[in-house]
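Worksheet: the structure to be examined is printed underneath.
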Amino acid sequence: MNGLSVTELCCLFCCPPCPGRIAAKLAFLPPEPTYSLVPEPEPGPGGATAAPSGTLRASAGSPGPWKLHLTERADFQYSQRELDTIEVFLTKSSRGNRVSCMYTVLFSHGNAVDLGQMSSFYIGLGTRINCNIFSYDYSGYGVSSGRPSEKNLYADIDAAWQALRTRYGISPDSIVLYGQSIGTVPTVDLASRYECAAVVLHSPLTSGMRVAFPDTKKTYCFDAFPNIEKVSKITSPVLIIHGTEDEVIDFSHGLALYERCPKAVEPLWVEGAGHNDIELYSQYLERLRRFISQELPSQRV
């Protein structure tokens with residue numbers, strides 16, 4: 001989340017305040033796209049495969065199938081073989097924006113990244129916790145159309161959830177919702193409305209106002225991203241992960257959500273970790289593995 005001047009804050013919270021404007025100012029930093037979707041080559045004469053003539057950004061009406069093409073900025077850490085295992089497709093949200101998705105953890109990523117930049121992380125994480133990772137780009141990120149907004153966040157994750165359920169036939173009790181930073185906003189919203197196997201909140205925020213003004217004690221009608229008001233409605237087990245030295249979203253946000261969440265399990269407070277380096281600590285993977293491979297199965301018995 002970017003810093004705001006006094007003048008900008010005055011303009012931001014002028015009367016009447018607009019939640020969408022607050023959300024856009026405080027939260028969204030879509031990067032230049034680090035990937036595109038290339039049409040799968042069609043068989044030529046005699047069964048030969050015709051190579052695509054270049055990189056083509058997918059259009060909303062195009063059915064696919066697609067292949068993922070990464071730019072150098074994606075910094076992909078694996079080989080072409082691993083890249084070819086990533087399945088990509090386009091779907092549409094209820095607000096009319098196409099949403100770019102990957103193929104069972106439904107992962108809502110953080111700010112200032114897109115699917116291209118997250119691809120290596122997803123492959124590594126899925127391998128280490130023995131899960132499929134299904135992710136999507138928010139409106140205005142990557143090749144997803146539209147613009148970033150709070151309402152679009154909720155519509156985007158709904159589209160991803162429905163695609164996961166209908167395209168792959170995944171049962172809700174096999175889906176783990178994982179949100180990181182700004183991604184905790186759609187994750188909490190969806191989890192408050194649908195029951196799933198579990199929820200992971202990684203460096204979560206309580207609300208937009210509480211990030212901008214740390215002394216805020218109540219939720220105003222114009223507040224954006226009110227996780228603190230929704231988390232108590234989650235009926236699935238919730239693992240909260242937060243660094244004690246988080247310089248973007250203070251550690252107190254994780255603590256407050258933990259206290260308000262009736263289904264919270266033992267949290268992971270990573271001593272000395274900031275906002276963007278929790279994954280580098282060994283206890284991060286250890287806690288995720290234990291939660292998914294031991295604690296969740298035991299609750300199903």
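- The shortest side-chain heavy-atom distance between I292 and C131 falls under the 4.5 Å cut-off.
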If you apply the rule side-chain contact (heavy atoms from CB on, under 4.5 Å), what do you find for V231 with N227, and how did you get there?
CA-CA 6 Å; V231 73; N227 280 348; 5.6 Å; no

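- For the pair I129 and F291, the minimum side-chain heavy-atom distance is 4.5 Å or more.
- The side chain to side chain contact (heavy atoms under 4.5 Å, CB included) test applied to S282 returns E286, not counting sequence neighbours.
- Between the side chains of D84 and Q80, at least one donor N or O lies within less than 3.5 Å of an accepting N or O.
- Taking the side chain to side chain donor-acceptor pair (under 3.5 Å) definition, one finds that E247 meets it with nothing, sequence neighbours left out.
- Under the salt bridge (charged side-chain N to carboxylate O under 4.0 Å, His left out) criterion, the residue pairs touching residues 159-168 are E87-R167, with sequence neighbours excluded.
- Side-chain atoms of P186 and Y136, non-hydrogen and from C-beta on, do get closer than 4.5 Å to each other.
- Taking the side chain to side chain donor-acceptor pair (under 3.5 Å) definition, one finds that S79 meets it with E82, sequence neighbours left out.
- Here the straight-line distance linking atom OG1 of T184 with atom CD1 of I241 works out to 12.0 Å at 0.5 Å rounding.
- Taking CZ of R95 as the start and OG of S139 as the end, the distance is 8.0 Å to the nearest 0.5 Å.
- Within the 3.5 Å criterion, the main-chain N or O of L239 finds no donor-acceptor partner in the side chain of R287.
- Distance alone, capped at 3.5 Å, places no donor-acceptor pair between the D137 side chain and the D114 backbone.
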Let me check something: any side-chain donor-acceptor pairs from residues 265-277 under 3.5 Å, sequence neighbours excluded? List them with distances.
unit_1, atom_1, unit_2, atom_2, d
H275, ND1, D246, OD1, 3.1
H275, ND1, D246, OD2, 2.8
H275, NE2, S181, OG, 2.9
D277, OD1, G274, N, 2.7

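- Proximity of F225 to V188: side-chain heavy atoms (C-beta onward) are nowhere separated by under 4.5 Å.
- Taking CG of L177 as the reference point, atom CG of L106 lies at 5.5 Å (rounded to 0.5 Å).
- The CG atom of L68 sits 7.5 Å away from the OG atom of S36 when rounded to the nearest 0.5 Å.
- Partners of T219 under the side chain to side chain contact (heavy atoms under 4.5 Å, CB included) rule, at least two apart in sequence or in another chain, are R210, D223, P226, I228, E229.
- Using a 4.5 Å cut-off on side-chain heavy atoms (C-beta onward), P237 and L296 make contact.
- By the side chain to side chain contact (heavy atoms under 4.5 Å, CB included) test, S120 is found to be paired with F76, Q77, Y78, residues two or more places apart in sequence or in another chain being considered.
- Residues T34 and D75 fail the side-chain proximity criterion, which asks for heavy atoms closer than 4.5 Å.
- By the side chain to side chain contact (heavy atoms under 4.5 Å, CB included) test, K263 is found to be paired with no residue, residues two or more places apart in sequence or in another chain being considered.
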Output side-chain donor-acceptor pairs under 3.5 Å for residues 194-203, partner residues at least two apart or in another chain, one line each.
unit_1, atom_1, unit_2, atom_2, d
H202, ND1, Y178, OH, 2.7

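- Enclosure of atom CD in E32 is not indicated, since only 12 or fewer non-hydrogen atoms of other residues, nucleotides or ligands lie within 6.0 angstrom.
- Annotation: side chain to side chain donor-acceptor pair (under 3.5 Å) contacts of D189 (sequence neighbours excluded): R193, K230.
- Inter-residue side-chain proximity for Y154 and V185 is flagged as met; some heavy-atom pair is nearer than 4.5 Å.
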Using the side-chain contact (heavy atoms from CB on, under 4.5 Å) rule, take Y258 and H242 through it: C-alpha gap first, then chi angles, then the decisive distance, then the call.
CA-CA 10 Å; Y258 175 70; H242 214 119; over 6 Å; no

Step by step, work out the side-chain contact (heavy atoms from CB on, under 4.5 Å) result for S144 and D156.
CA-CA 10 Å; S144 292; D156 294 342; over 6 Å; no

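- When atom types are taken as modelled, the side chain of R128 and the backbone of G124 share a donor-acceptor pair closer than 3.5 angstrom.
- Residues satisfying the salt bridge (Lys or Arg N to Asp or Glu O under 4.0 Å) criterion with D215, sequence neighbours excluded, are absent altogether.
- Atom CG of residue L125 and atom CG of residue L285 lie 6.5 Å apart, to the nearest 0.5 angstrom.
- Around atom CG of N130, no more than 12 heavy atoms belonging to other residues, nucleotides or ligands sit under 6.0 Å away.
- Listed by chain and residue number, Y138 satisfy the ring-ring contact (aromatic ring centres under 6.0 Å, His included) test with H109 (two or more places apart in sequence, or in another chain).
- Between the OG1 atom in T187 and the CD1 atom in I157 there is a gap of 4.5 Å [rounded to 0.5 Å].
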Report the C-alpha distance between I133 and F121 in whole Å, list the side-chain angles of each, state the deciding distance to 0.1 Å, and finish with yes or no for side-chain contact (heavy atoms from CB on, under 4.5 Å).
CA-CA 10 Å; I133 306 295; F121 173 76; over 6 Å; no

